[in-house]
Amino acid sequence: MKILIVEDEIELQQVMVEFLSKEGYILEVAANFSEGLEKISLYQYACILLDITLPGGSGMQLLQSLRERGDSTPVVIISAKGSIDDKVEGLNLGADDYLPKPFHLAELLARIKSAVRRHHNHVDNRVIYKNVVMVPDDRSVLVDGNVLQLNRKEFEVLYYFIIRPEKLVQKSLLAESIWGDAVDQADSLNFIYSQIKNLRKKLRDYGAEVDIQAVYGVGYKLV
Amino acid sequence: MAVSIKQYTMRYVMIAIFAVMTVWALLFYAYILDEVYDNADDGLRNQKINILRAVYEDPSILELREYGVNEFRITPLADTVFDEKNRFSNEFFYMPYDDEDEPYRLLTTMFYGPDKNTYLLEIRASTVERDDLIIDLSTALLVLYIVMILSIYLLKEYIFTRALRPFKVILKDLNDYQVGKTTAIAPVDTNVLEFQNLHQHITSMVARNAAVFADQKLFIENASHELQTPLAIAVNKLDLILEDEDVLSGVMAKIADTKVSLKRLIDLNRSLLFLSRIENRQFVQNELISLDALTDELLDNFLDIAEHKGIQVDVEYSATLHVKGNRDLLAMALSNLIRNAIRYTESNGTIRISIHSNSWQIANSTNLGALPESYIFNRFYKGSDSMQSNGLGLSLVRSILQITPGGGVAYHFENNFHIFSISFTNS
């Protein structure tokens, strides 16, 4: 899958490229408005990551011209502006998601995946790892074909794991992405631990072949 | 004391007209009196000629010693220096009709009779009573004054009400004016030059403000952008390191700790940005928000952590609370208060949220006693547990409630409960 990153901050661009290419994506970059405009007019992408403040123009204009041409490629706005007006304007112009900087790279990946998934709602969107199947569209989890009942938060936790099996999921990502600002840093270690413990128990009880392992001091990974 | 321009002008018009009329009345009185005497004197002179003629035709007239029907008397004079000059004077004579002394104009002169003797001739004519004249004149002038004031008042009411209409429109527009929201003042239909000027100046002021405001907003946002970008790069580079399987676990833990510190920096930056934007009133406050629903929505994130800490959360909905304001800001305010309550409640403690028709209250049990009410809302106030807090949470809450129409926040301590109440006067 090919992703276009329109971002003028070269270092940030490189970080995203490095991370997403490890996730199996093919990346193209544009560092300014005209480059971005050229690429979105010439090529098709699975997803476009769009910064708002660009040399030579605004990401909003790029989004507008894309949508005016009837192109419905999923667009995730990544902005440091953090302004609510920008979020509203971006979503009104047809952006699929809005991610304020700074963000967790794993969060970016999750947003890309769900934007792409929503875009292709007619294809098979199941996420499968070992004998666990997640169906994000109807928020269900199957273990060996049996429905595993998870509450919404547990589902979201599992989703962050299953989109990146065998890879580190930082506990701060889980705390910030799923519980927002509710969880204090000081509580998060304990809190996330107990949430993971419950989830592990449920997975085990249903005979899932997957397990969540602790990575000391940092987070967990699905194995 | 401030008075309206109508009263202000009226006061001066009344004083000015009164002064002008008083001076005018004195002059008019003098002029009228002068004219009356002049008239009487002419008559007396004429009568003198007639009498002198009559004396030469009929010397018996020289015998008229008393005023009678003739209104003159003749007195023979002896050993007097002859002086034929006419002397006029005002005298009082008894008038039977009025049964009192009445003013007369008196002409006194001398003449040689047909017998070559000197005679004194006095001719009188009843004349105007000065005090009556003064009273009449004053009454007339008073009536005129009242009529004038009354008509000026009515005229002024009409004219001012009409003329000030565009002014009132401008005032209303100014009252509704909000920096960052109002981009232009509605045109005013007037042909009064001053109001046209006023409107023109205000219009250009509004345009200037809008430009300054946009500049400032851009500046704050750019500053935030400039800060957030290096932070984002730092955080994401640490993410990349954490992805590396070869990194030793001790190093990974330290990197994760570094990220925690960076997260605090990011939050601080974001809070400061919000505070300055709130205080610059850069948020539109026109959404109708149900605080009941918002509370439920926020609690969804908080209940897990509360449960984890063994804190009981009770929500009491005694009325629905709809508030006009900014949804994101109010969510931030409520979530700051809920987070604080969870943070500072001991294990097995209780949090009570109660929603009333015009207030939202959160109470949490504590063993630590009351907080210093006077400065907990200050920026960078930190309680005993400063590690978790950037000291801006309550300050943000207060700023948010200050810009929410009719909003306010207060703290009090009761029965070992910290109680924060958000109130809305116009909900």
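Excluded from the calculations below are hydrogen atoms, water molecules and symmetry mates; all remaining heavy atoms, backbone and side chain alike, are included. Only a predicted model underlies this, so the values are computations on that prediction, with no experimental measurement involved. Every chain is numbered from 1 and lettered A, B, ... according to where its sequence line falls, protein lines coming before strand lines.
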### Task
Under the side-chain contact (heavy atoms from CB on, under 4.5 Å) rule, what do B:Asp304 and A:Trp179 come out as? Steps first, then yes or no, please.
CA-CA 9 Å; B:Asp304 290 333; A:Trp179 283 275; 2.7 Å; yes
### Message
Less than 4.5 Å to any heavy atom of chain A: does that hold for the side chain of B:Asp300, its backbone, both, or neither?
### Response
both
### Under-4.0 Å salt bridge between B:Glu245 and A:Lys167
no
### Task
Under the side-chain contact (heavy atoms from CB on, under 4.5 Å) rule, what do B:Lys263 and A:Ser172 come out as? Steps first, then yes or no, please.
CA-CA 9 Å; B:Lys263 173 75 166 59; A:Ser172 59; over 6 Å; no
### Task
Could you give me the CA-CA distance, side-chain angles and deciding distance for A:Gln170 and B:Met252, then say whether side-chain contact (heavy atoms from CB on, under 4.5 Å) is met?
CA-CA 11 Å; A:Gln170 296 172 43; B:Met252 280 176 92; over 6 Å; no
### Message
Can you tell me which portion of B:Leu242 sits under 4.5 Å from chain A's heavy atoms? Options are side chain, backbone, both or neither.
### Response
both
### Message
What part of B:Asp257 gets within 4.5 angstrom of chain A, counting heavy atoms only: side chain, backbone, both, or neither?
### Response
neither
### Task
Scan side-chain atoms only and decide if A:Asn190 and B:Lys309 contain a donor-acceptor pair under the 3.5 Å cut-off.
no
### Query
Between CG of B:Asp239 and NE2 of A:His104, what distance do you get to the nearest 0.5 Å?
6.5 Å
### Query
Does atom NZ of A:Lys2 have more than 12 heavy-atom neighbours from other groups under 6.0 Å away?
yes
### Task
Any chance you could measure B:Gln228, atom CD, to A:Phe103, atom CZ, to the nearest 0.5 Å?
11.5 Å
### Query
Relative to chain B, which segment of A:Lys153 carries a heavy atom at a distance below 4.5 Å: side chain, backbone, both, or neither?
side chain
## Note on the structure
Of B:Leu238, B:Val235, B:Leu240, the largest count of non-hydrogen pairs under 4.5 angstrom with chain A goes to B:Leu240
### Query
Quick one: of A:Lys22, A:Met16, A:Arg164, who has the most non-hydrogen atom pairs under 4.5 Å with chain B?
A:Arg164
### Task
For A:Glu11 and B:Asn236, test the side chains for any donor-to-acceptor distance below 3.5 angstrom and give the result as yes or no.
no
### Task
Output the distance between atom CD (B:Glu307) and atom CD (A:Gln195), rounded to the nearest 0.5 Å.
8.0 Å
### Message
Please classify the contact between A:Ile178 and chain B as side chain, backbone, both or neither, with a heavy-atom cut-off of under 4.5 Å.
### Response
backbone
### Summary
The interface call for A:Glu7 against chain B, heavy-atom contacts under 4.5 Å, is neither
## Note on the structure
When rounded to the nearest 0.5 Å, the distance separating CG of B:Asp267 from CD of A:Glu176 is 7.5 Å
### Point-to-point distance, once rounded to the nearest 0.5 Å, from NZ of B:Lys237 to CD of A:Gln14
6.5 Å
#### Entry: When A:Leu105, A:Leu108, A:Leu12, A:Leu173 are compared by non-hydrogen pairs under 4.5 Å with chain B, the top option
A:Leu105
